[in-house]
2 protein chains.
Amino acid sequence: MQIVQRPTPEPSTLSAHDRVYRTLRTQVMHGELAPGHALTLRGIAREFGVSMTPARESVQRLVAEGALTMSASGRVQTPELGNERIEELASIRALLEPELGSRALPRAHSALIDRMEAINAANTDAVLRGDAVTYVRTNLEFHRTLYLRAQSPAMLAMVETIWLQLGPTMRALYGRLRRNTPPPHHRMIVAALKAGDEPGLRLAIRTDVTQGLRHLTQ
Amino acid sequence: MQIVQRPTPEPSTLSAHDRVYRTLRTQVMHGELAPGHALTLRGIAREFGVSMTPARESVQRLVAEGALTMSASGRVQTPELGNERIEELASIRALLEPELGSRALPRAHSALIDRMEAINAANTDAVLRGDAVTYVRTNLEFHRTLYLRAQSPAMLAMVETIWLQLGPTMRALYGRLRRNTPPPHHRMIVAALKAGDEPGLRLAIRTDVTQGLRHLTQ
DNA sequence: TCGCCGGATTTGTGATCACGCTCGATCATG
DNA sequence: CATGATCGAGCGTGATCACAAATCCGGCGA
């Protein structure tokens, strides 16, 4: 009953469950999966060419982070958030993200702002093309690029957890009401950064974060 | 090679990995484990009378929540936080907990306040006895009892994640400088609740949360 | 006395399997 | 035609094992 279990010994740093975890996490955060999308361990294992064990670890971890929900019977799917939950998550974003922006402000030099403007251009482009997934991705990239300068890894991780929980919902939201107007407050954020205007930055971020999620009709 | 694998079919709601997870989580949050305390999967499995699989799932989940850290080689231990990280986590508490208190304030009736005062008495008692673990536990209970009224499960979960990350450090902190003075700002929190004074409540919570962690000598 | 090396032990990782439960399609019944 | 029961396929859970790498600890040499 002896079977060759590991044909390839893996280059260490990339363990199987980490690869699976990272891929799934990105898919969820960027809204590539619709809310309520069901996943199975065997399906994930087949898709990634691994056994059920790494698939389970990845899923378990994503459930712990709120990226996936698990029913009492162990079935797993992307979360379908109600209005209250969406508002609550938006409140948390509105509390944490201005703080991250404020911490990043003194460290935001021109190269960073240039990069943010480039990302914002791609974001606007995605809006005009009606590409919801790219929209969500570049939107988050815009924010993360700024927040990385805050040198506050725990706070950033916390915010990313929120993004993760909102991922499928964001796709559904921006995919539903397909607006052709580019993200309105990103330019205000950039302007406040250039001016070194901290209260203005906080307000711009808060508004940007809040208003996008106010469109909760359910 | 057939073995009876599950002698008891379990009453469903309590799966093995859930039981292990919850026990370990409580131990970490309440500071029952010192910072840097090492854990092994086989040790956990032996201790709980389960196989390695549920032990791994629990540990994986706790690592995802920041309750444990995992080295590159997969070794697991409770986190040893540096000063910057402690300050950062304290900042997050200072942002989120006043908001939770504020949301709970209109729903805080007298029975709740009575319960908080009882918990606070037990907390004071733990201080006088020099019982660090009970101190941490009742301290968190005091806060959680209030925050549960906020009806904001996501925000509460986020705060508990921070508590989890601070658990071992808190024990080490309060165990080191063993002060005989009871928690100073808890009474201010209770007073603000009774008076319906929202700004006072926010300030009291913020101060309570911040000052306890200012004692970071490391 | 201190530093280094090598084998033995312990560790995490991942694959596989048995088991019991869940869920959905199908069919019989009203 | 709608409704409910039934049965099978598929699911998650947990146990066990093989394997490679990390760790520990002894002894040897400087």
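Order of the sequence lines fixes the chain letters, A, B, ..., with proteins taken first and strands second; residue numbering starts at 1 for each chain. Quantities reported herein were computed from a predicted structural model and do not represent experimental measurements.
Around CZ of A:Arg144, the count of heavy atoms belonging to other residues, nucleotides or ligands within 6.0 Å exceeds 12.
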I'd like to know whether B:Gln60 forms a side chain to side chain donor-acceptor pair (under 3.5 Å) with A:Gln60, so could you lay out the CA-CA distance, the side-chain angles of the two residues, the decisive distance to 0.1 Å, and finally the verdict. CA-CA 8 Å; B:Gln60 197 70 236; A:Gln60 198 69 237; over 6 Å; no

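Using a distance-only test at 3.5 Å, with no hydrogens or angles considered, a donor-acceptor pair links the side chain of B:Thr161 to the main chain of B:Ala157.
The distance between atom CG of A:Asp18 and atom P of C:dG14, rounded to the nearest whole Å, is 9 Å.
Checked against C:dG14, C:dT11, D:dG14, the side chain of B:Ala16 finds its nearest nucleotide in D:dG14.
Side-chain contact annotation: B:Glu65 with B:Tyr21, donor-acceptor N/O pair under 3.5 Å present.
With sequence neighbours left out, A:Asp125 forms a salt bridge (Lys or Arg N to Asp or Glu O under 4.0 Å) with A:Arg129. With sequence neighbours excluded, the residues satisfying salt bridge (Lys or Arg N to Asp or Glu O under 4.0 Å) with A:Glu99 are A:Arg103, A:Arg202. Take A:Glu84 and apply the salt bridge (Lys or Arg N to Asp or Glu O under 4.0 Å) test, not counting sequence neighbours, and it matches no residue. Evaluation of the ring-ring contact (aromatic ring centres under 6.0 Å, His included) rule for A:His186 yields A:Phe142, A:His143 as partners, not counting sequence neighbours.
A heavy atom lying under 4.0 Å from DNA chain D marks the following residues of residues 41-57 of chain A, by number: A:Leu41, A:Arg42, A:Met52, A:Arg56. Near DNA chain D, meaning a heavy atom under 4.0 Å from it, residues 61-78 of chain A has A:Ser73, A:Gly74, A:Arg75 in order of number.
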